[in-house]
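First the structure, in the form of structure tokens, and then the observations on it.
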Amino acid sequence: MEQASLELTVGPVAHGGWCVARHEGRVVFVRHALPGERVVAHVTEETSRFLRADAVEIIEASPDRVVPPCPYAGPGRCGGCDWQHATPEAQRRLKAQVVAEQLQRLAGITREVVVEEVPGAKDGLGWRTRVQFAARPDGELGFRRHRSHEIEVVDACLIAHPEVEAVGAELHSWEGASGVEVIASSAGDRAVVVAPKPHRGVTVPELDAPASILLDQGKGRTVPRRGSGVLREHVGDREFRVAGSGFWQVHPGAAETLLDAVLAYAAAEPGEWALDLYCGVGLFAAGLAEAVGPSGAVFGLESDASAVRDARANLRDLPQARVERGRVEEALDRFQIERADVVVVDPPRSGLGREVVARVASLEALRIVYVSCDPATLARDLAWFGERGYTLAELRAFDAFPMTHHVECVALLTRG
């Protein structure tokens, strides 16, 4: 049935950039469509339980539909964006529906959700400060097509920050590279991280703007080839260093927006004992340390060695903050952490998991602030916290990834 054409009436949005339709009793997950539309869709994948399809012709359009601003967006093209065919306002409504649906289905929580715009992106474009390009065998750069290893060559990316595009990476050949990441920091630093193919050298082209050059050695390790490879990020009046391709929020307004939301929910007071789990380079730990003051303490845990080094440098003026390396699954026991007043968790997309939820709940913190980039794993973990006496008190959601299906959530859990 591959490439069969179906005429479909499109139903509600689903997690992952799809909408749901039905054909002869089977579920069809449709991309490039919007709820309420009548479309012709080409089937791209068939399983025993459902079909996947791309809307290739719009018979009846939604009032939320727009012409995608990017020429590489559309069926069979670049897979980086999911919602270029919807207005920014409609995108946020769709994401809110996804968050609400995941909370209801996976955690039994009924809640009206509003996805807030994050300052720093005009019409959902020009926001991405870290862009990972894939390289074709001939060295041309592009992005992988949806659910494919094929690469769509591009000469510009409209969601990339102007300072990323200033490097001009897409306009040059990168023979010998498997991928190229271009980073632009809020402090004006630029870096290009080159991942060479196995046993291959890479000739780095002359770039259109100054940038440090780093070689990716795998497992998050980078080696500077030109420049220091350390980027500076500014949040409020604090400066954070981030080595190489270490984790930092990609939307220029996201770090400050999320920090403000986390600190408001944490409500940490002088003298309290706070934990920052999956603390990265110390963004939340710094804010918590300022809140608890010299009479309090903040303990951060992070598994990435480079991030731990950066966090210790970023927190050196806050002696009440301590950062150690370890996986949360074992490190809380290793460091004999038995209680906390406040816990902040910012796990990867896979979420906490049942074991970590149980261990965090055992700390009996009055407030747990959960930062999540995946509403499905957030909702799953909230259900498990619910089994251990925690309820969802507050939730905010942010459009930190315009044009894509991704959404950032900050949840406050309280006991009782």
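Worth knowing before you read on, the calculation uses all heavy atoms, side chains too, and leaves out hydrogens, waters and symmetry mates.
- The minimum heavy-atom distance between G126 and P162, with the atom names listed, is O-CD, 3.5 Å.
- Between the side chains of H161 and T129, no donor-acceptor pair of N or O atoms lies under 3.5 Å.
- With D276 contributing its side chain and A285 its backbone, the two residues share a donor-acceptor pair below 3.5 Å.
- For an aromatic pair to be called close, the ring centres must be under 6.0 Å apart, and F240 with W248 satisfies this.
- R325 places a side-chain N or O within 3.5 Å of a backbone atom of S303 that can act as its donor or acceptor partner.
- The residues D64 and R93 are annotated as salt-bridged, a charged nitrogen and a carboxylate oxygen being separated by less than 4.0 angstrom.
- Applying the 6.0 Å contact sphere to CZ of R111 captures more than 12 heavy atoms from other residues, nucleotides or ligands.
- Looking at D260 and Y265, their side chains never bring a donor and an acceptor atom within 3.5 Å of each other.
- The closest donor-acceptor contact from the side chain of E272 to the backbone of V342 lies at 3.5 Å or more, if one exists at all.
- Around CD of E112, the count of heavy atoms belonging to other residues, nucleotides or ligands within 6.0 Å does not exceed 12.
- Q104 and T110 form a side-chain donor-acceptor contact under 3.5 Å, judged by distance and modelled atom types alone.
- For R136 (side chain) and D138 (main-chain N/O), no donor-acceptor pair under 3.5 Å exists by modelled atom type.
- Using modelled atom types, one finds no donor on one side chain facing an acceptor on the other under 3.5 Å when comparing H406 with D374.
- Ring-plane geometry between W127 and F401 is classed as perpendicular, the angle between the planes exceeding 60 degrees on a 0 to 90 degree scale with a lower cut at 30.
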**Study point:** Criterion ring pair (Phe, Tyr, Trp, His ring centres under 6.0 Å) on W174 and H172, from CA distance to verdict
**Key:** CA-CA 7 Å; W174 298 80; H172 300 282; 7.3 Å; no
Review point. Given the rule in the side chain to side chain contact (heavy atoms under 4.5 Å, CB included) test, do T87 and R65 qualify, once you have shown the distances and angles that lead to the verdict?
Key: CA-CA 7 Å; T87 66; R65 176 171 286 276; over 6 Å; no
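- Remark: E117 engages no residue in a side-chain hydrogen bond (donor to acceptor under 3.5 Å, both in side chains) (not counting sequence neighbours).
- Nearest heavy atom pair, residue F143 against residue C78, reads CB-SG, 3.6 Å.
- Annotation for A135 and I151: closest pair O-CD1, 3.5 Å, computed over non-hydrogen atoms.
- A donor and an acceptor atom, one from each side chain of S185 and R232, are nowhere located under 3.5 Å apart.
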Exercise for review: Given side chain to side chain contact (heavy atoms under 4.5 Å, CB included), test L412 with T414 step by step and report yes or no.
Suggested key: CA-CA 7 Å; L412 171 63; T414 56; 4.2 Å; yes
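- A salt bridge links E324 with R322; the closest basic N to acidic carboxylate O contact falls under 4.0 Å.
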Point to revise | Pair D317-R238, side chain to side chain contact (heavy atoms under 4.5 Å, CB included): steps then yes or no | key: CA-CA 11 Å; D317 64 321; R238 290 193 70 87; 2.9 Å; yes
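- Side-chain contact check for L141 versus V154: every heavy-atom pair is 4.5 Å or farther apart.
- With hydrogens and angles disregarded, a donor-acceptor distance shorter than 3.5 Å links the side chain of R312 to the backbone of V323.
- Without hydrogens or angle criteria, E233 side chain to S186 main chain gives a donor-acceptor distance under 3.5 Å.
- Scanning both residues, D208 and G168, for their nearest heavy atoms gives OD2-CA, 3.7 Å.
- Here W273 contributes atom CH2 and D341 contributes atom CG; the two are 9.5 Å apart, rounded to the nearest 0.5 Å.
- In this structure the side chain of L395 never reaches within 4.5 angstrom of the side chain of V410, judged on heavy atoms.
- Summarising the geometry, atom CG belonging to D310 is positioned 13.5 Å from atom CZ belonging to F247; distances are rounded to the nearest 0.5 Å.
- Closest heavy-atom contact between L275 and L363: CD1-CD1, 3.4 Å.
- Using modelled atom types, one side-chain atom of Q91 and one backbone atom of M403 make a donor-acceptor pair closer than 3.5 Å.
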Exercise for review: Applying side chain to side chain donor-acceptor pair (under 3.5 Å), run through T9 and R38 and close with a yes or a no.
Suggested key: CA-CA 5 Å; T9 298; R38 187 80 181 159; 2.3 Å; yes
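- Shown here is E150, whose CD atom has no more than 12 heavy atoms of other residues, nucleotides or ligands within 6.0 Å.
- Checking D304, L352, L301, V371 one by one against Y278, the side chain to side chain contact (heavy atoms under 4.5 Å, CB included) holds for a single residue, L352.
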Check your understanding: Would L94 and W83 satisfy side chain to side chain contact (heavy atoms under 4.5 Å, CB included), going step by step from the backbone distance to the final call?
Key -> CA-CA 9 Å; L94 292 170; W83 297 119; 3.9 Å; yes
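- R380 CZ to R354 CZ: the interatomic distance, rounded to the nearest 0.5 Å, is 9.5 Å.
- The side-chain heavy atoms of D399 and E116, taken from C-beta on, include no pair separated by under 4.5 Å.
- With respect to K197 and E175, no salt bridge is recorded, no charged nitrogen being found less than 4.0 Å from a carboxylate O.
- Remark: D237 pairs with no residue by the salt bridge (charged side-chain N to carboxylate O under 4.0 Å, His left out) rule, at least two apart or across chains.
- I109 CD1 to L392 CG: the interatomic distance, rounded to the nearest 0.5 Å, is 5.0 Å.
- A 4.5 Å side-chain heavy-atom check between E37 and L34 finds at least one atom pair inside the cut-off.
- In this structure, Q320 contributes its side chain and A289 its backbone to a donor-acceptor pair below 3.5 Å.
- Side-chain contact between Y390 and V357 is absent, with no heavy atoms from C-beta onward closer than 4.5 Å.
- Listed here is the closest heavy atom pair of L382 and A107: CB-CB, 4.5 Å.
- Across V202, T203, L207, a single residue satisfies side chain to side chain contact (heavy atoms under 4.5 Å, CB included) together with P205, and that is L207.
- Distance alone, capped at 3.5 Å, places no donor-acceptor pair between the D54 side chain and the V56 backbone.
- You'll find the side chain of V360 reaches within 4.5 Å of the side chain of I368, heavy atoms only.
- Using a cutoff of 4.0 Å between basic side-chain nitrogens and carboxylate oxygens, E152 and R144 are not scored as salt-bridged.
- Residues satisfying the ring-ring contact (aromatic ring centres under 6.0 Å, His included) criterion with F299, sequence neighbours excluded, are F335.
- A distance-only check finds no donor-acceptor pair linking the side chain of Q102 to the backbone of V99 [under 3.5 Å].
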Point to revise | R26 vs E46, salt bridge (Lys or Arg N to Asp or Glu O under 4.0 Å): CA-CA, chis, key distance, verdict | key: CA-CA 10 Å; R26 298 177 74 184; E46 181 176 5; 3.0 Å; yes
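- Note that the CD atom of E165 and the CZ atom of R128 stand 12.5 Å from one another [nearest 0.5 Å].
- For the pair H15 and H405, the minimum side-chain heavy-atom distance is below 4.5 Å.
- A 4.5 Å side-chain heavy-atom check between V20 and V27 finds at least one atom pair inside the cut-off.
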